[in-house]
Amino acid sequence: MFVTASILSLLFSATAETSTVEVLTPQGEWVDALIDENGTIHSENGIDLGSTALAWIPKSDGVGTIERRPFSMTKLTDGQVIIATFGGFHIEPPSTIVRWKHPGMGMMDISVDRTSFIQMQPMEKPPVASDSDEIVLRNGDRISGFIESFEEPIIIENAGVKREIPLDRVAGIALVSAQPKVAAVRVWLSDGSIIDGTSITGGFGGGFVLQGMSLGMSRSSQPILTDEIRCVSQSSKRMLPLSQLKPNVLPPISISLPRAEYPMPIVSTFEAPLGATAIEIRGPERLVYEIPKGFSVFSADVEIPTSVLAWADCVFVIRQNGQELGRYSLNAKNSKARIRVVVQPGPLEIEIEEATGGPIGDTVILRRAILIDVAVGG
């Protein structure tokens, strides 16, 4: 099936008005921009920002986006996520095909060889297969081993023992897989899907067309309305989400009452734009992250969650090599801050200091926390 220009024009007519976005520049700065009726992203002065942007996010996305756990979905080995209706397994030698139906992209057949996770019903903590496949049953039990067959019933083998699992008892399946190369363009959609392509171009009425897709559909391009987009990454290799790094947790340097324990930050299980899932830090405490080579800017938004806004009063501090890179006072009147600091490879400290209000409610959330390589083209 091919999408004609007339159909695209109808699809995009609803977005003919100019939209506002935030653009991540090659220097690692977020700046405001506009999308015109041709899908061109530019500054108020008409300067092209879209062609060189590392990423961009519609401003309507915002922090207040409601996160919902999808009922059924699949995650591919390359990180793409399809929120869709499960259509069953189909044996098509030499491999098994998983059939999915997406409301906007239609039917797609995806080989299990490209699949790392299949979900048939919602779960709090989806499994991740490392050394063996894993089947999660609807009663919460988990069975590890090697899946020999996806025909009804599914056959899984472990230490020479084979078990047959009826499909109607399965909540999810995690499969051992290798991570392929990162795609040139990645798009996060409002329904929770994450899709890749080779390029994204302006369409009609301010919409876009993602080209070079490989999702087992009958076409390789997809029209996307601007209000369906949560984020577009045009240079994923140059960005590393802080949530992918595990910090050392230490007592704060600043004077504070001792705590019985200094908890690890809580990383959200929800997929987020740029892969930068939210990080909740409960201070006072200090986190030390090891910055890999090649990254020279740390960018993030920090905020006090609404649930503790009435009590929170703290200082968010960033240090490296014994020097402060940034200090941000957060309280009910000033609950958010945008961070951009130049960093070097090696230890980076993030500390939550208690302020005049004491340690009660000193919790912050980091959003869009990423390390950026600005050496190329920056």
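Everything quoted here is computed from the prediction, not taken from an experiment. In what follows, every heavy atom counts, from backbone to side chain, and hydrogens, waters and symmetry copies are set aside.
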Test Val315 against Ser329 for side chain to side chain contact (heavy atoms under 4.5 Å, CB included), laying out the working first. CA-CA 4 Å; Val315 181; Ser329 296; 4.1 Å; yes

Can you check whether [Y]'s main-chain N or O pairs, donor with acceptor, with [X]'s side chain at less than 3.5 Å?
X      : Y      : result
Ser199 : Gln211 : no
Gln234 : Ala53  : yes
Arg99  : Asp109 : no
Asn38  : Thr40  : no
Gln119 : Phe71  : yes
Glu324 : Ile318 : no

Hey, are [Y] and [X] close enough side-chain-wise for a donor-acceptor pair under 3.5 Å?
X      : Y      : answer
Asn321 : Gln323 : no
Ser43  : Asn45  : no
Thr226 : Ser19  : no

For [X] and [Y], which heavy atoms make the closest approach, and how far apart are they?
X      : Y      : answer
Arg367 : Ala278 : NH1-CB, 4.0 Å
Pro263 : Glu261 : CD-O, 3.6 Å
Ile57  : Cys231 : CG1-SG, 3.6 Å
Asp113 : Thr77  : O-CG2, 4.0 Å
Val21  : Pro58  : CG1-CA, 3.8 Å
Asp133 : Ile156 : O-CD1, 4.5 Å

Starting from the C-alpha separation in whole Å, work towards a yes-or-no answer on side chain to side chain contact (heavy atoms under 4.5 Å, CB included) for Tyr289 and Val343. CA-CA 12 Å; Tyr289 288 91; Val343 298; over 6 Å; no

From CA spacing to verdict: side chain to side chain contact (heavy atoms under 4.5 Å, CB included), Ser144, Glu134: CA-CA 4 Å; Ser144 298; Glu134 185 170 309; 3.6 Å; yes

I need the Arg186 CZ to Leu274 CG distance, nearest 0.5 Å. 10.5 Å

Gap separating the OG atom of Ser72 from the CD1 atom of Ile82, nearest 0.5 angstrom: 11.5 Å

Begin from the C-alpha positions of Leu215 and Gln222 and carry the test side chain to side chain contact (heavy atoms under 4.5 Å, CB included) through to its verdict. CA-CA 11 Å; Leu215 283 176; Gln222 177 67 28; over 6 Å; no

Qualifying residue, where the test is side-chain contact (heavy atoms from CB on, under 4.5 Å) with Phe298 and the options are Leu325, Ile339, Ile372: Ile339

Can you tell me if [atom1] on [X] sees more than 12 non-hydrogen neighbours from other groups inside 6.0 Å?
X      : atom1 : answer
Arg163 : CZ    : no
Glu151 : CD    : no
Asn139 : CG    : yes

Salt-bridge contact Glu271-Arg230 (side-chain N to carboxylate O under 4.0 Å): no

Carboxylate-amine/guanidinium contact Glu280 Arg282, below 4.0 Å: yes

